[in-house]
Amino acid sequence: MDEWFTVTQTAEKTDIPPDTVRRYVRNHRAYLKTRKRSNSYQIHRDSLRIVHEIRRLYDTGMSVKDVDEQLGNIHPMTIELVNEQKQTRQTVDVALALQEMKTGFMQVIEAQQKELRTAREELAAARQEINELTKDVNEVKNRKWSTLSIDDVRKVMNEEKKSWWSKIFKK
């Protein structure tokens, strides 16, 4: 059964002043099951014990940050997702959701790093092949073809057939 209390009703049930309850909601809402109706907060019945816990922690002299830290150790930080069209509610443990997201992101990052390593290796191989082809082409350019006879050119071409020509036209 869903029971929601206004801040005033919560104050009456917990013997904590309404302004203090509002401050608790503002400062520690992530640990409380709350909803906003009109311009006021409503607090779920299940969160009354957490309101008491917050009061107890402040009574020991803790700061807002310390109380948040303690609540994080005791109660999981949750958010409630409401789909009014489908009339559904889903409570999500924020820490668990963040851990799942982190795991998913790490898997994506690792896959991208692997792809990047592969691309770098392929690029290095392509650069090496381009350098070799450029060297072969420059060698051919530097030869004085005009001083050779047609038969000499054919002879040289047949000897080098498997070198630079095959590299240029192999694909």
Side-chain angles (χ1 to χ4, degrees), residues 1-135 137 167-168 170-171:
M1 178 176 164
D2 276 352
E3 275 190 77
W4 293 92
F5 303 111
T6 64
V7 170
T8 305
Q9 291 170 329
T10 302
E12 291 170 0
K13 292 189 175 297
T14 59
D15 292 326
I16 299 171
D19 287 340
T20 304
V21 172
R22 279 187 202 88
R23 185 169 29 93
Y24 291 173
V25 170
R26 265 193 324 271
N27 292 338
H28 309 290
R29 186 172 179 193
Y31 301 101
L32 300 169
K33 189 173 181 181
T34 62
R35 67 183 182 188
K36 195 162 186 174
R37 294 288 189 243
S38 300
N39 284 332
S40 64
Y41 286 106
Q42 292 182 341
I43 301 161
H44 194 270
R45 173 179 46 93
D46 294 342
S47 292
L48 294 180
R49 63 184 175 78
I50 298 172
V51 171
H52 281 292
E53 181 69 16
I54 293 170
R55 176 61 168 220
R56 186 189 67 75
L57 292 170
Y58 277 118
D59 285 346
T60 64
M62 289 188 175
S63 67
V64 174
K65 185 178 176 182
D66 294 336
V67 170
D68 254 358
E69 190 175 302
Q70 284 296 319
L71 290 173
N73 293 336
I74 300 169
H75 307 284
M77 187 182 298
T78 61
I79 56 173
E80 187 171 58
L81 305 174
V82 178
N83 186 335
E84 291 181 6
Q85 291 175 343
K86 293 183 180 179
Q87 295 181 343
T88 60
R89 292 180 184 274
Q90 179 183 2
T91 302
V92 177
D93 181 340
V94 175
L96 182 61
L98 288 173
Q99 183 61 40
E100 289 172 359
M101 287 173 59
K102 180 181 175 185
T103 302
F105 286 140
M106 292 305 295
Q107 290 172 346
V108 168
I109 289 170
E110 288 171 5
Q112 288 177 341
Q113 286 175 338
K114 184 178 179 181
E115 287 179 31
L116 184 58
R117 278 192 298 273
T118 302
R120 284 181 178 156
E121 290 168 1
E122 289 173 359
L123 181 60
R127 281 184 178 156
Q128 180 65 31
E129 190 172 338
I130 288 170
N131 288 339
E132 289 173 11
L133 287 173
T134 303
K135 182 181 172 186
V137 168
K167 290 179 185 175
I168 290 175
K170 78 176 178 182
K171 290 187 181 178

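Quick caveat: nothing in here was measured; it's all calculated off a predicted structure.
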Please report the closest heavy-atom contact between Pro18 and Ala11, naming both atoms and the distance.
N-CB, 3.7 Å

Closest non-hydrogen atoms of Lys33 and Ser47, given as atom of the first, atom of the second and distance, are N-OG, 2.6 Å

Chi angles and distances behind the salt bridge (charged side-chain N to carboxylate O under 4.0 Å, His left out) call for Asp68, Lys65:
CA-CA 5 Å; Asp68 254 358; Lys65 185 178 176 182; over 6 Å; no

Please report the closest heavy-atom contact between Gln9 and Trp4, naming both atoms and the distance.
OE1-O, 4.0 Å

Determine whether a donor-acceptor pair (N or O, by modelled atom type, separation under 3.5 Å) exists between the side chain of Thr20 and the backbone of Ile16.
no

Begin from the C-alpha positions of Glu132 and Lys135 and carry the test salt bridge (charged side-chain N to carboxylate O under 4.0 Å, His left out) through to its verdict.
CA-CA 5 Å; Glu132 289 173 11; Lys135 182 181 172 186; over 6 Å; no

Looking only at heavy atoms, the pair that brings His52 and Lys13 closest together is NE2-O, 4.4 Å

Donor-acceptor pair, Thr10 side chain versus Thr6 backbone, under 3.5 Å?
yes

Check against side chain to side chain contact (heavy atoms under 4.5 Å, CB included), Glu53 and Leu71:
CA-CA 8 Å; Glu53 181 69 16; Leu71 290 173; 4.2 Å; yes

Note, Gln113 side chain near Arg117 side chain (heavy atom, < 4.5 Å):
yes

Are the side chain of Tyr31 and the backbone N or O of Ile50 linked by a donor-acceptor pair below 3.5 Å?
no

Phe5 and Arg45: side chain to side chain contact (heavy atoms under 4.5 Å, CB included), yes or no, with the steps?
CA-CA 7 Å; Phe5 303 111; Arg45 173 179 46 93; 3.7 Å; yes

Grab the two heavy atoms, one from Val21 and one from Ile43, that are nearest each other, plus how far apart they are.
CG1-CD1, 3.6 Å

Parallel, tilted or perpendicular, as decided by the 30° and 60° cut-offs, for the rings of Tyr58 and His28:
tilted

Which atom names give the shortest non-hydrogen contact between Asp66 and Met62, and what distance separates them?
CB-CB, 3.8 Å

So do Arg29 and Tyr24 actually touch side chain to side chain, heavy atoms under 4.5 Å?
no

